[in-house]
Amino acid sequence: MTIIPYSINLADVWNQFVRNSKNGTFLLERGFMDYHGDRFMDCSLMVYDDDVLTEDEKESMPRLEGLKAVFPANWVEQERKVYSHQGLTYGGLIVSEDATQKEVLELYQAILRYYDRMYMARYVLIKPIPYIYATYPNAEELYALWRAGAKLRQRSISTTVSMANPMKMRTLRIRKAKKAVENDIYIERMPEGDWSCLVEYWQILTDVLQTHHHAKPVHSVEEMQLLMERFPKDIKLYVARREGNILAGVIVFETKTVAHVQYIAAGEEGRELGALDLIFKHLINVRYKNVPFFDFGISTEEGGRKLNEGLIFQKEGFGGRGVCYDAYELRLDRADLAALSPQKEDEEEKRIPYLNLKAINDRFQPRLGEVVERVTRSGRYLLGDEVKDFEKHFAAYCGTDYCIGVGNGLEALVLILRSYKRLLEWKDDDEVIVPANTYIATILAIREAGLKPVLCEPRSSDYLMDTTQLPLLYTERTVAILPVHLYGRCCDMKPINTFAAQHGLKVVEDAAQAHGARYEEMRAGSLGDAAAFSFYPGKNLGALGDAGAVCTNDPLLATCVRSMANYGSQEKYVNEMCGLNSRMDELQAVVLDVKLRQLDEDNEIRRQMARQYIDALDNPLITPPQWPQQADSHVWHIFPIRCAHRDELQAYLKAHGVETLIHYPIPPHKQEAFSELNHLCYPITERIHNEVLSLPLSPVLTGSQVERIIKLLNEFNV
């Protein structure tokens, strides 16, 4: 299935599909839904067959051919819930007349997965279209909701007259209608554009609701006028008059199969003289006798929980029968979604990419597109308020006093080390203790600052700096320790900070992979004297390009870093030091600010998947990572397994459609760039780099995909 989010340029295609569909009415056309667009954030979807649309059509103007379904919906971010569709009596899936049960299951699976992945929605509230509005009974949709684990949350009852099998009208209703005729009451349809008639009736409606039900109409009179202007052939007002005065009225929404009463009201005189009985007798027996159903509508008092017995009695008096308008709530459980259409699941997951960045970022739409457009329209792209806002928010998130947005993670480390070198008068080739198994950027930063890296072996249990080695590596030239929260797991910071304090050393965190990780009650970024972050697109908190940040509680360091990142200048064209050009731009800042709000939720999804991997992996050839004692100390940026037959395992997974990466194939001390270190031997580091393999893990990976990867791993042999 190819899913296209609805946009205004697709209104004509949407409306054509609704008119020709199995269960669409004008109430589901865009003109009706869009009039209250200021109240709800639209997240409606259009679903096409695969391979029908070209790439250009997907981006610009999809056509009607190949369109299988549309799904009207709104998004409430605070609730993490999709509503189908607020402002409507009903919503649900709208499908072509030839849609099969299997296709409906596949359509629902694709739509619900989309909201799970793109919006990180937790719930979907669906109001299936009642059978009276469908060309055929709508059992397929109800079956799909049952399969997906939906729960009935609300049931409203309407009273409907079937024209094919009408029940006998009660004598009382006939007598009331005769009484109205005897008192010279007559029926009139509001002439098109006669808004004074609508206003007069609306006053009666408002008075009745306020006096008898302590309520008010769902629509304002202005909204109803707007709708009647947009749909003059579909929305009609019928009034009962006496001597020119309106005594009662009924607003009817006309669809292909149903005449749906939206509002009913009569003043005191109208009720006494049977004005409504005359209107209904005329509508049922004359005006709509050839329409399959006449629907009196649901009671809206107290959300439908209170029955107006008089109104129900009146409706039933015309031969009405009950019809349910139900609302189902569906929790987006990935296992339930996978069960909707297992065969389709296999087809979609034939290839599992290591990381699907487009799918990850699509979850933040349309908000992401809106804020990017706001920045592009502002004309301010550097050194503006968006960067300041993100710096403030990220500092608060990490628990530091200062955050300085910079160009990337490497430059963040360089700026910290160069600033400390300036402020503390470190000498060239002073030493920094750093893990031997880190990514090369950590070592490059030390070298770029004119300092000397002293490599420390990791622990084989968690791949983090072995703090017991610190006394052996310390010399009189040591000025700092640079722990790396590798793969997203916090280092054991207590012994590092204790050792640093005893010897007057600075502690600089490389937190490039650990956004949101905690050590006891503090977050990565606030565990040392300063911290460097990378917002490379693939990080847990990723930009749409390069970006980084420095976090610290040290005001002197913060000032120096900010100045050095701006050519060594605090005042334009006044340069106090030799600096760099390393600045976060406004676009990256606003993107990161949007995504920061969901970082903790994304990290929790990563933990759940890591737990799934660890609990189910059962192959003596494969060593999974250890689950940390403190669960939130690890954000699982990377899920690294080890295997002595790593290359064979990677090829095996690739042959089965699973993409993996190696973080990292060559340790820094064996890189050609550091030829002077090539003679050194770090056996634990070298073993890790020779055996490590990173498995797919991200917020858009599904539970069934993880299960498939686990099955492949457990079946691997040499």
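Because the structure is predicted, anything quoted here is derived from the model rather than measured.
Judged by distance alone, with hydrogens and angles left aside, the side-chain atoms of Asn183 form a donor-acceptor pair with the main-chain N or O of Lys179 at under 3.5 Å. A donor-acceptor contact shorter than 3.5 Å links the side chain of Thr257 to the backbone of Ile132. Between the side chain of Glu269 and the backbone N or O of Leu247, no donor-acceptor pair lies under 3.5 Å. At distances below 3.5 Å, at least one donor-acceptor pair connects side-chain atoms of Tyr115 with backbone N or O atoms of Cys43. Under a 3.5 Å cut-off, the side chain of Ser84 and the backbone N or O of Gly92 do form a donor-acceptor pair. Here the side chain of Arg153 pairs no donor or acceptor atom with the backbone of Ala327 at under 3.5 angstrom. Judged by distance alone, the side chain of Lys256 and the main-chain N or O of Arg19 form a donor-acceptor pair under 3.5 Å. In terms of modelled atom types and a separation under 3.5 Å, the side chain of Asp184 and the main chain of Arg242 share no donor-acceptor contact.
Geometric assessment of Arg287 against the ring of Tyr238 yields a negative cation-pi assignment under the 6.0 Å and 45° thresholds.
Nearest heavy atoms, His260 versus Asp295: ND1-OD2, 3.4 Å. The minimum heavy-atom distance linking Pro217 with Leu209 is given by the pair N-CD1, 3.5 Å. When every heavy atom of Ile360 is checked against every heavy atom of Ser698, the shortest pair comes out as CD1-CB, 4.1 Å. Counting all heavy atoms, side chain and backbone alike, Val700 lies closest to Gln705 at O-OE1, 4.2 Å. Minimum interatomic distance between Gln612 and Gly703 (heavy atoms only, all atoms of both residues): NE2-O, 3.2 Å. Minimum interatomic distance between Met46 and Trp14 (heavy atoms only, all atoms of both residues): CG-CE3, 3.7 Å.
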- Could you check Tyr201 against Ile251 for side-chain contact (heavy atoms from CB on, under 4.5 Å), going step by step and ending with a plain yes or no? CA-CA 10 Å; Tyr201 165 70; Ile251 289 182; 3.9 Å; yes

_Full working for side-chain contact (heavy atoms from CB on, under 4.5 Å) between Glu229 and Leu226_ = CA-CA 5 Å; Glu229 286 175 337; Leu226 175 62; 4.3 Å; yes

Could you walk me through whether Val208 and Arg271 pass the side-chain contact (heavy atoms from CB on, under 4.5 Å) test, one step at a time?
CA-CA 11 Å; Val208 168; Arg271 285 195 294 276; 3.9 Å; yes

Could you walk me through whether Phe40 and Met33 pass side-chain contact (heavy atoms from CB on, under 4.5 Å), step by step?
CA-CA 10 Å; Phe40 307 119; Met33 290 185 282; over 6 Å; no

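A heavy-atom distance below 4.5 Å is not found between the side chains of Glu103 and Ser96. Contact check for Leu28 versus Asn23: no side-chain heavy atoms found under the 4.5 Å cut-off. Taking 4.5 Å as the limit, every side-chain heavy atom of Phe364 sits out of range of all side-chain heavy atoms of Val591. Proximity of Phe253 to Val258: side-chain heavy atoms (C-beta onward) are nowhere separated by under 4.5 Å. When side chains are defined from C-beta on, Glu140 does not count as touching Leu107, because their heavy atoms never get closer than 4.5 Å. Annotation: side chain of Val181 is not in contact with side chain of Lys281 (no heavy-atom distance under 4.5 Å). Annotation: side chain of Asp42 is in contact with side chain of Asn74 (closest heavy-atom distance under 4.5 Å). Residues Gln225 and Val221 have side chains not in contact (no heavy-atom distance under 4.5 Å, counting atoms from C-beta outward).
How far CD of Gln154 is from CG of Asp326: 9.0 Å, rounded to the nearest 0.5 Å. To the nearest 0.5 angstrom, Ile174 atom CD1 is 12.5 Å from Leu278 atom CG. How far NZ of Lys216 is from CD of Gln210: 9.0 Å, rounded to the nearest 0.5 Å. If you take CE on Met609 and CD on Glu604, they are separated by 11.5 Å, rounding to the nearest 0.5 Å. Note that the CD1 atom of Ile4 and the CG atom of Leu10 stand 8.0 Å from one another [nearest 0.5 Å]. Distance check, rounded to the nearest 0.5 Å: CG of Leu93 to NZ of Lys22 gives 9.5 Å.
Under the 3.5 Å distance criterion, with hydrogens and angles disregarded, a donor-acceptor pair is assigned to the side chains of Tyr108 and Glu141. No side-chain donor from either of Asp12 and Gln16 sits under 3.5 Å from a side-chain acceptor of the other.
Salt bridge status for Glu370 with Arg374: absent, with no side-chain N to carboxylate O gap under 4.0 Å. Ionic pairing of Arg367 and Glu77 is not present here: no N-O contact between side-chain nitrogen and carboxylate oxygen is shorter than 4.0 angstrom. Look at Arg230 and Glu29 and you find no salt bridge, because none of the NZ, NE, NH1 or NH2 atoms lies under 4.0 Å from a carboxylate O. Using a 4.0 Å cut-off between a side-chain N of Lys or Arg and a carboxylate O of Asp or Glu, Glu373 and Arg377 qualify as a salt bridge.
In this structure, Phe26 and Phe32 have perpendicular ring planes: the angle between them is above 60°, well past the 30° mark. Classification of the Tyr114-Tyr119 ring pair by plane angle, with boundaries at 30° and 60°, yields tilted.
Here the two rings, on Phe280 and Phe296, have centers that are under 6.0 Å apart. Checked against the 6.0 Å centroid criterion, the rings of Trp202 and Tyr263 qualify as a close aromatic pair.
Heavy-atom neighbours of Arg175 CZ from other residues, nucleotides or ligands within 6.0 Å: at or below the threshold of 12.
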